[in-house]
> 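I have a structure I would like to understand better, so I am pasting it below and will then ask my questions one at a time.
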Number of protein chains: 2
Amino acid sequence: MRYGITHFKDLLGGEGYSWTRARSAVLTVLTTVPRPLRAEEIHRALRDPRINLSSVYRALRLFESLDVVQRVELGEGAARYELADDYRDHHHHLVCDACGRIEDVAACPVEAAGLTRHIRKRTGFAVRSHVLELFGLCRTCRRVTG
Amino acid sequence: MRYGITHFKDLLGGEGYSWTRARSAVLTVLTTVPRPLRAEEIHRALRDPRINLSSVYRALRLFESLDVVQRVELGEGAARYELADDYRDHHHHLVCDACGRIEDVAACPVEAAGLTRHIRKRTGFAVRSHVLELFGLCRTCRRVTG
DNA sequence: TTGATTTTGCAAATTATTTGCAATATCTGC
DNA sequence: GCAGATATTGCAAATAATTTGCAAAATCAA
């Protein structure tokens with residue numbers, strides 16, 4: 001991770017938010033596990049029965065508004081959350097349709113193809129962010145499932 | 001649209017499904033309106049009070065399983081649905097953060113950058129499909145909001 | 001440490017979507 | 001076109017993820 005946990009403490013303090021047990025714990029999980037997690041999974045990973053699931057949701061919502069965390073939707077019904085690009089290098093996901101495993105890919109075709117500029121010129125739309133998820137079969141499942 | 005509505009009737013029949021009022025009506029809306037719609041919006045557009053919202057959901061789920069319709073998730077809470085690529089040329093969406101307007105873009109950087117092959121070579125993951133949504137400010141909102 | 005302010009736990013509310021089941025529409029063979 | 005077999009629908013109730021109200025507890029600032 002690019003910054004230590006105290007960075008987040010300072011960031012929250014600077015924005016007028018308290019540094020609480022729930023927020024700290026959620027961030028510790030997110031900086032430790034390198035893949036997008038569901039609120040439920042984060043809650044379980046806290047291993048602190050004092051912290052309620054709704055506090056996890058509240059923390060995630062706050063972090064999202066502060067661009068500390070970004071939401072990832074893979075069409076599973078529940079959203080996933082991971083550290084935002086500023087803290088984790090821009091990347092995308094390879095989602096295996098067979099086993100559900102999620103890998104990261106650093107390659108970004110939106111940048112590579114200069115798509116933002118192309119769109120700006122052709123349509124006047126100013127792209128600020130994008131979401132790209134790739135679905136298919138991971139190496140392992142490809143061998144088995146075909 | 002690339003095929004008439006009777007194409008879908010034949011397709012459903014061929015798969016052993018009935019051609020019903022609800023299914024026909026939902027497809028008429030989807031082939032008419034050129035942007036991804038929520039189940040609720042589709043239901044309203046039917047203008048047939050006999051058709052229940054749950055039938056719209058059931059029809060959408062069936063169409064999705066038959067690759068007639070594809071789900072679009074823009075982080076709004078509710079999913080949107082549009083005709084699948086086979087019936088509508090592959091495209092992506094420009095979603096305006098300010099006014100919510102959704103435009104299509106034909107340009108696909110995943111194809112342009114040869115990302116699928118790159119990933120296959122480097123990781124062994126076989127990409128079958130992808131989801132790309134672009135967020136930002138449309139030409140109109142850019143003038144106003146900045 | 002203390003009082004003022006935020007945040008939390010808990011339970012209940014919301015919202016999108018799904019489901020059970022009896023009633024109805026669609027389809028198939030005549 | 002009709003009857004019976006089968007598939008689908010409407011409706012109401014169930015789910016599942018997420019949000020919220022509120023009193024109690026934690027955090028902050030002096």
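So that the names make sense, note that chain A is the first sequence line, chain B the second, and so on, each numbered from 1.
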> From D/dT27, C/dC27, C/dT17, pick the nucleotide closest to the side chain of B/Tyr81?
C/dT17
> With a 4.0 Å cut-off on N to O distance, would you call A/Arg35 and A/Asp104 a salt bridge?
no
> Within less than 4.0 Å of OP1 or OP2 of C/dT7, is there a side-chain N or O belonging to A/Arg23?
yes
> Indicate whether OP1 or OP2 belonging to C/dC10 is found under 4.0 Å from a side-chain N or O atom of A/Asn52.
yes
> Between B/Arg21 and B/Ala79, which residue's closest nucleotide on DNA chain C lies nearer the 5′ terminus?
B/Ala79
> At under 4.0 Å, does any side-chain N or O of B/Ser54 touch on OP1 or OP2 of C/dT19?
no
> So do the side chains of A/Leu62 and A/Tyr57 get within less than 4.5 Å of each other, counting heavy atoms only?
no
> Please report, rounded to the nearest Å, how far the C1' atom of D/dT18 is from the CG atom of A/Leu62.
16 Å
> Whole angstroms only, please: what is the CG-C1' distance between A/Leu46 and C/dT8?
14 Å
> Check this one for me: any side-chain N or O of A/Arg61 less than 4.0 Å away from OP1 or OP2 of D/dT20?
yes
> Rounded to whole angstroms, how far apart are CD1 on A/Ile51 and P on D/dA26?
12 Å
> Could you check whether B/His91 and B/Glu82, counting side-chain N and O atoms only, form a donor-acceptor pair closer than 3.5 Å?
yes
> Quick one: on DNA chain C, does B/Arg71 or B/Tyr17 contact a more 5' nucleotide (nearest heavy atom)?
B/Arg71
